[in-house]
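This one's a predicted model, so the numbers in the text were calculated from it and none came from an experiment. Hydrogens, waters and symmetry mates are skipped; everything else that's a heavy atom, side chains included, is used.
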Amino acid sequence: MALLGEVSEFLFLEAELADANAYDEWLALWDDQCTYWVPCNLDDYDPTKHVSIIYDDRARLEERCFRLTTGGAHSQEPRSKVSRVVGNIRVVNPNGEDGTVEVTARTIMVELRLGRKSLYAARCHYTLWRSPSGFKLRRKKVMLLDADERLGNMTFLI
């Protein structure tokens with residue numbers, strides 16, 4: 001149960017930093033070799049051969065955060081207000097390859113922008129690696145409940 005508590009605190013922190021637009025601190029949670037993937041239409045396919053809502057490596061994540069912090073993401077003027085809840089956290093493989101921990105969770109997120117509320121629900125899969133300074137995200141896959149529906153501007157971090 002101690003591992004579940006550590007993992008839960010890490011996922012809560014990741015959500016809190018994203019909600020607070022604390023992008024430097026949020027990026028610090030990611031490993032240098034990482035993938036942030038939000039599939040489109042289907043939950044599982046080869047993202048190098050099909051369109052994804054988001055399919056970022058470390059460099060693309062840094063670009064995304066740079067645009068969000070410097071005003072380069074014009075579609076985020078004014079910036080979205082976001083609040084998310086992370087729950088149903090389960091450690092599905094505590095002993096993955098290279099010392100990783102595989103985790104699943106559910107996320108509900110509300111975005112408020114220009115007087116309009118949008119609700120997003122997702123099943124998430126995380127691969128965490130325990131570094132000397134604590135967990136790092138190696139992989140985050142966000143499977144939106146409505147990934148096969150028309151979606152609005154999703155420039156913010158989901």
Side-chain angles (χ1 to χ4, degrees), residues 5-90 92 102-129 134-158:
E6 285 181 73
V7 165
S8 297
E9 284 300 315
F10 179 81
L11 297 183
F12 297 153
L13 175 62
E14 190 249 343
E16 182 179 322
L17 293 173
D19 285 353
N21 305 312
Y23 300 118
D24 289 340
E25 295 89 344
W26 184 80
L27 276 171
L29 299 178
W30 290 80
D31 191 37
D32 289 338
Q33 303 298 317
C34 64
T35 305
Y36 175 44
W37 182 27
V38 182
C40 181
N41 297 319
L42 303 171
D43 289 342
D44 208 19
Y45 55 83
D46 183 346
T48 64
K49 296 180 181 175
H50 299 279
V51 173
S52 294
I53 297 167
I54 298 171
Y55 187 64
D56 289 353
D57 60 9
R58 177 69 191 212
R60 294 273 302 144
L61 274 179
E62 290 174 0
E63 285 176 31
R64 183 182 299 278
C65 291
F66 177 78
R67 285 192 312 272
L68 288 167
T69 57
T70 62
H74 300 291
S75 58
Q76 274 295 294
E77 293 296 330
R79 180 179 283 174
S80 295
K81 296 176 185 176
V82 180
S83 180
R84 69 194 85 209
V85 176
V86 179
N88 296 357
I89 300 168
R90 292 184 53 238
V92 294
E102 302 289 328
V103 178
T104 61
R106 301 296 186 264
T107 300
I108 301 290
M109 186 180 81
V110 178
E111 175 206 19
L112 176 63
R113 186 163 182 274
L114 299 173
R116 185 171 156 247
K117 289 180 190 170
S118 299
L119 179 68
Y120 300 93
R123 292 175 293 114
C124 300
H125 186 272
Y126 303 85
T127 302
L128 308 178
W129 173 71
F135 283 123
K136 296 283 186 185
L137 276 160
R138 282 239 172 117
R139 185 171 191 253
K140 180 177 179 182
K141 180 180 178 185
V142 180
M143 294 161 285
L144 291 169
L145 187 65
D146 55 352
D148 59 346
E149 301 287 331
R150 183 173 173 249
L151 296 169
N153 170 12
M154 295 181 70
T155 310
F156 58 89
L157 297 171
I158 203 135

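- Residues forming a side-chain hydrogen bond (donor to acceptor under 3.5 Å, both in side chains) with Gln33 (at least two apart in sequence, or on another chain): none.
- With rounding to the nearest 0.5 Å, the separation of OG1 in Thr107 from CE in Met143 is 10.0 Å.
- Annotation: the span from Asp46 atom CG to Ser52 atom OG amounts to 9.0 Å, rounded to 0.5 Å.
- In this structure the side chain of Leu11 reaches within 4.5 angstrom of the side chain of Val103, judged on heavy atoms.
- Applying the salt bridge (charged side-chain N to carboxylate O under 4.0 Å, His left out) rule to Arg106 yields no partners; only residues at least two apart in sequence or on another chain are considered.
- Residues Asp57 and Arg60 come closest through the heavy atom pair OD1-N, 3.0 Å.
- In this structure, CG on Leu29 lies 11.0 Å from CG on Leu61, to the nearest 0.5 angstrom.
- Put simply, OG on Ser83 and CG on Leu112 are 10.5 Å apart, with the number rounded to the nearest 0.5 Å.
- Here Thr104 pairs with Arg90, Val92, His125 under the side chain to side chain contact (heavy atoms under 4.5 Å, CB included) rule; sequence neighbours left out.
- At least one side-chain heavy atom of Glu14 sits under 4.5 Å from a side-chain heavy atom of Lys140.
- By the salt bridge (charged side-chain N to carboxylate O under 4.0 Å, His left out) test, Asp19 is found to be paired with Arg84, residues two or more places apart in sequence or in another chain being considered.
- Checked against side chain to side chain contact (heavy atoms under 4.5 Å, CB included), Glu6 has the following partners two or more places apart in sequence or in another chain: Arg130, Phe135.
- The two residues Pro39 and Tyr45 make their nearest non-hydrogen contact at CA-OH, 3.2 Å.
- Taking each heavy atom of Leu137 and Tyr126 in turn, the nearest pair found is CD2-CD2, 3.6 Å.
- Nearest heavy atom pair, residue Tyr120 against residue Ser118, reads CE1-CB, 3.7 Å.
- Taking Asp146 as the reference, Leu144, Glu149, Leu151 meet the side chain to side chain contact (heavy atoms under 4.5 Å, CB included) condition, with sequence neighbours excluded.
- In this structure the side chain of Leu128 never reaches within 4.5 angstrom of the side chain of Lys136, judged on heavy atoms.
- Across all non-hydrogen atoms, the minimal contact from Cys40 to Val51 is CB-O, 3.6 Å.
- Identified under the salt bridge (Lys or Arg N to Asp or Glu O under 4.0 Å) test for residues 21-40, with sequence neighbours left out: Asp31-Arg138.
- Looking at residues two or more places apart in sequence or on another chain, you find a salt bridge (charged side-chain N to carboxylate O under 4.0 Å, His left out) between Asp44 and Lys141.
- The side chain to side chain contact (heavy atoms under 4.5 Å, CB included) test applied to Leu145 returns Ala121, not counting sequence neighbours.
- Legend: residues meeting ring pair (Phe, Tyr, Trp, His ring centres under 6.0 Å) with Phe12, ordered by chain and number and at least two apart, are absent.
- Atoms OH and CZ, on Tyr36 and Arg139 in that order, are 13.5 Å from each other to the nearest 0.5 Å.
- Remark: Trp30 engages no residue in a side-chain hydrogen bond (donor to acceptor under 3.5 Å, both in side chains) (not counting sequence neighbours).
- With sequence neighbours excluded, the residues that form a salt bridge (charged side-chain N to carboxylate O under 4.0 Å, His left out) with Glu62 are Arg58.
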